[in-house]
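Report on the following structure.
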Amino acid sequence: MLQLSYIHENTAEVIKRLAVKNFKAEEIVNSIIEKDINRKKIKQDLEKNLAYANQIAKEIGALYKSGNISEANEKKEITKQLKETEKQLNQQLSVLESEVDQLLVQLPNLPYHLVKPGKTADDNEIILQEGYIPESTNNLPHWEIAAKYDIIDFELGNKVTGSGFPFYKNKGAKLQRALVSFFLDEASKEGYNEYEVPLVVNEASGYGTGQLPDKEGQMYHIGLDNLYMIPTAEVPLTNIFRDTILRAEDLPVKCTGYSACFRREAGSYGKDVRGLNRLHQFDKVEIVQIQHPSKSYETLENMKDYVAGLIRKLGLPFRILRLCGGDISFTSAMTYDMETYSIAQKKWLEVSSISNFESFQANRLKLRFRDGNNKTQLVHTLNGSALALPRIVACILENNQTPDGIKIPEVLVPYTGFDMI
RNA sequence: GGAGAGAUGGCCGAGUGGUCGAAGGCGCACGCCUGGAAAGUGUGUGUAUGCCAAAAGCGUACCAAGGGUUCGAAUCCCUUUCUCUCCGCCA
């Protein structure tokens, strides 16, 4: 969430920059400022009141000690009054605080200056495109390949759980395991610390990374215990550092983790969700960095290049997009999307999203570091998929078809133990 | 799941109604001592927020979380959460 002090000092700029995200902020921002000024005033009154009450309480203590009971009792009368005022001020304060808070969480993160305005995904900028794309082929879509080689069973998933929860079988299951291991090993080589994370998180964690409030609908919720199934390992990985103060020399903090990801994907139907294109449960290796504010964009570039390198090693044609204001997420300041090309489906599939959240998450997480002057300052957080499996698998299956079967990318062979499906 | 004990600053740990933001120790920072270091020694060392141009200073809140009793709560009461021990169950 945005910092109140920043909104106060840069009101016009906040409104202007949020317009790049097609967000009309004026009304909310003005309301926040008005309420916050009011809040501050009431808080000051309350604190004066409390200071006075504290002082009297001390005096009463002293009077009792010296045996001056009657004067002590007189003073008690004064405090009764004070308590009444205190109660009222407190009530007003908590109302205003929650109102300000409610408005504040509605404001998206400010887009970075490089983010162009735009309405939809069509307005995203293509930064780079790489790899050979044939004009036309007779390659089968992956759902047919999956059935032909008996490696992914969608119907079985349907029977046991529901649509969007496939079973991976035989060489399909081994390919999953190989990809996860490959991605984790690569991340380790790059200096990321590996974690195995809880697959469910509490409410505070959901709030910390920005899934809550408002995006409850995206997550599976376990009502009995009030826990949420994670939509990405970003949530537990980033929340490791909730409520912490790091030392400047600890930065950057780099961590990675594999997890199954669970997404309700309410409202998605049709051909986009065919096969592996959109699932309720899928596997992903995530990378997260916590970085000094002055270096976060340099880091974003590094992360983007790292993920591009992974795709290159897998031998898939891909492109990198810088998302426009209209397509960028609520919490992100700037995002690169990675898309690999499926030659059977003849379309680009998003396989990674790499974002700089600047201090937006850190502010909610209360994740800070001590700077040179020993002051605490919010860090910047970044994360990216490196990578999400299903669409990578779809592209491997669709692009690598040969008369002898599906060719496994060379880098994966040590992990799979076979080079053909 | 049952019974009991507990939760205090970066860590350990004292504190059962007032002078407690909290003794003492460890750690850390700076200084003295030293040729240099260790030892010794001195000083300092939480977070948030407000007043202030800023610093200094001062106010307020925070001793698991929330509520209550009281003029006054780390300390008493209630609720919740978590941890530990024993028992039960169990991959």
Side-chain angles (χ1 to χ4, degrees), chain A residues 1-10 32-101 104-105 196 198-208 212 221-228 236 239-251 253 260 290 359 361-379:
Chain A
M1 113 184 113
L2 298 177
Q3 289 174 266
L4 259 177
S5 56
Y6 192 88
I7 298 175
H8 274 289
E9 286 159 27
N10 307 279
I32 285 173
I33 287 174
E34 188 194 316
K35 283 181 195 293
D36 192 53
I37 288 170
N38 207 353
R39 194 211 95 225
K40 241 183 235 177
K41 205 182 138 284
I42 285 171
K43 185 135 197 217
Q44 278 171 27
D45 289 349
L46 177 64
E47 286 183 358
K48 266 185 217 150
N49 200 75
L50 283 169
Y52 189 39
N54 284 345
Q55 189 203 324
I56 288 180
K58 268 184 195 164
E59 287 170 14
I60 290 174
L63 288 170
Y64 269 120
K65 221 162 235 181
S66 63
N68 201 338
I69 309 292
S70 63
E71 200 176 328
N73 284 335
E74 270 175 46
K75 297 237 176 202
K76 276 193 194 179
E77 285 305 310
I78 305 176
T79 7
K80 269 191 189 142
Q81 280 281 324
L82 290 175
K83 277 191 109 177
E84 210 32 56
T85 337
E86 187 193 318
K87 208 176 239 173
Q88 283 176 17
L89 288 173
N90 245 326
Q91 243 166 32
Q92 291 177 42
L93 185 67
S94 64
V95 168
L96 277 169
E97 273 176 348
S98 73
E99 281 177 359
V100 169
D101 218 56
L104 208 51
V105 295
E196 183 172 316
L199 300 181
V200 291
V201 294
N202 57 28
E203 226 174 336
S205 294
Y207 180 82
L212 297 175
H221 181 221
I222 302 160
L224 196 58
D225 298 299
N226 196 25
L227 295 172
Y228 293 86
N239 273 285
I240 292 170
F241 304 96
R242 171 150 48 87
D243 281 318
T244 56
I245 301 176
L246 300 164
R247 295 172 307 174
E249 59 265 34
D250 293 335
L251 301 175
V253 172
I290 296 166
S359 60
Q361 286 184 331
N363 192 25
R364 288 197 185 193
L365 291 161
K366 296 196 174 59
L367 168 49
R368 292 150 294 170
F369 73 102
R370 239 175 257 287
D371 64 19
N373 302 322
N374 229 24
K375 293 251 178 208
T376 58
Q377 199 186 135
L378 293 173
V379 298

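A note on names: the letters A, B, ... follow the listed sequences, proteins ahead of strands, and every chain is numbered from 1.
On the C1' atoms, B:G17 is 15 Å away from B:A22, given to the nearest whole Å. As rounded to the nearest Å, B:G9 and B:G15 have C1' atoms that lie 14 Å from one another. Nucleotides B:A61 and B:A54, compared at atom C1', are 24 Å apart to the nearest Å. Spacing of C1' atoms, B:C87 relative to B:C26, comes out at 38 Å, to the nearest Å. To the nearest whole angstrom, the two P atoms, one in B:G66 and one in B:U81, are 15 Å apart. Separating the C1' atom of B:A73 from that of B:U19 is a span of 15 Å, rounded to the nearest Å. If you take atom P in B:U47 and the same atom in B:A56, they sit 13 Å apart, rounded to whole Å. Comparing the C1' positions of B:C33 and B:U49 gives a spacing of 42 Å, expressed to the nearest Å.
The shortest non-hydrogen separation linking A:D36 to A:V100 is N-CG2, 4.0 Å. In terms of heavy atoms, A:N68 sits closest to A:E71 at ND2-OE1, 3.1 Å. Across A:M1 and A:N363, no two heavy atoms sit closer than the pair O-ND2, 2.9 Å.
Residues A:Q55 and A:E59 have side chains that bring a donor and an acceptor to within less than 3.5 angstrom of each other. A donor-acceptor contact closer than 3.5 angstrom is absent between the side chains of A:S70 and A:N73.
Remark on RNA chain B: of its neighbouring residues A:G61 and A:K40, the 5'-side contact belongs to A:G61, judged by nearest-heavy-atom nucleotide. Take the nearest nucleotide of RNA chain B for A:Q44 and for A:K80: the residue whose nucleotide is more 5' is A:Q44.
In the set B:G72, B:G59, B:C51, the nucleotide with an atom closest to the side chain of A:A51 is B:G59. Side-chain proximity of A:I60 to the nucleotides B:A48, B:A61, B:C71 is greatest for B:C71. The side chain of A:E47 lies closest to B:G59, out of B:G59, B:A55, B:A61. Minimum atom distance to the side chain of A:K375 is reached by B:A55, of the listed B:C71, B:G50, B:A55. In this structure, of B:U49, B:G18, B:U60, it is B:U49 that holds the atom nearest to the side chain of A:K43. The side chain of A:A57 has B:C71 as its nearest neighbour among B:C71, B:U47, B:A55.
Distance, A:I56 CD1 to B:U60 P: 13 Å, rounded to whole Å. One can place NE2 of A:H8 at 13 Å from C1' of B:G50, the figure rounded to the nearest angstrom. For the pair A:Q55 CD and B:U60 P, the computed distance is 9 Å after rounding to whole Å. Here the P atom of nucleotide B:C62 and the CG atom of A:L46 are 11 Å apart, to the nearest Å. Atom CG in A:L50 sits roughly 11 Å away from atom P in B:A73 (whole-Å rounding). At whole-Å resolution of the value, CD in A:E77 and P in B:G72 are 13 Å apart.
Across all strands, A:N54 comes closer than 4.0 Å only to sugar-phosphate atoms, never to a base (heavy-atom distances). As judged by a 4.0 angstrom heavy-atom cut-off over every strand, A:R247 is placed among residues making no nucleic acid contact. Among the heavy atoms of the strands lying under 4.0 Å from A:R370 are primed sugar atoms or P, OP1, OP2 only; no base atom is included.
The backbone N or O of A:I245 sits nowhere less than 3.5 Å from a side-chain atom of A:R370 that would complete a donor-acceptor pair.
Judged by Watson-Crick or G-U wobble contacts below 3.5 Å, the nucleotide B:A5 has B:U83 as its partner. Here B:U47 sits opposite B:A61 as a Watson-Crick or G-U wobble pair (both hydrogen-bonding atom distances under 3.5 Å).
A 6.0 Å sphere centred on OH of A:Y52 holds no more than 12 heavy atoms belonging to other residues, nucleotides or ligands.
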Take A:V201 and A:N239 through the test side-chain contact (heavy atoms from CB on, under 4.5 Å) and record every step on the way to the result.
-> CA-CA 9 Å; A:V201 294; A:N239 273 285; over 6 Å; no
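Checking the phosphate oxygens (OP1, OP2) of B:U47, no side-chain nitrogen or oxygen of A:T376 falls inside 4.0 Å. Residue A:R39 places none of its side-chain N or O atoms closer than 4.0 Å to OP1 or OP2 of B:G50.
Non-hydrogen atoms lying under 4.0 Å from RNA chain B are contributed by nothing in residues 86-94 of chain A.
Salt-bridge check for A:E77 with A:K80: passed, with a basic side-chain N closer than 4.0 Å to an acidic carboxylate O.
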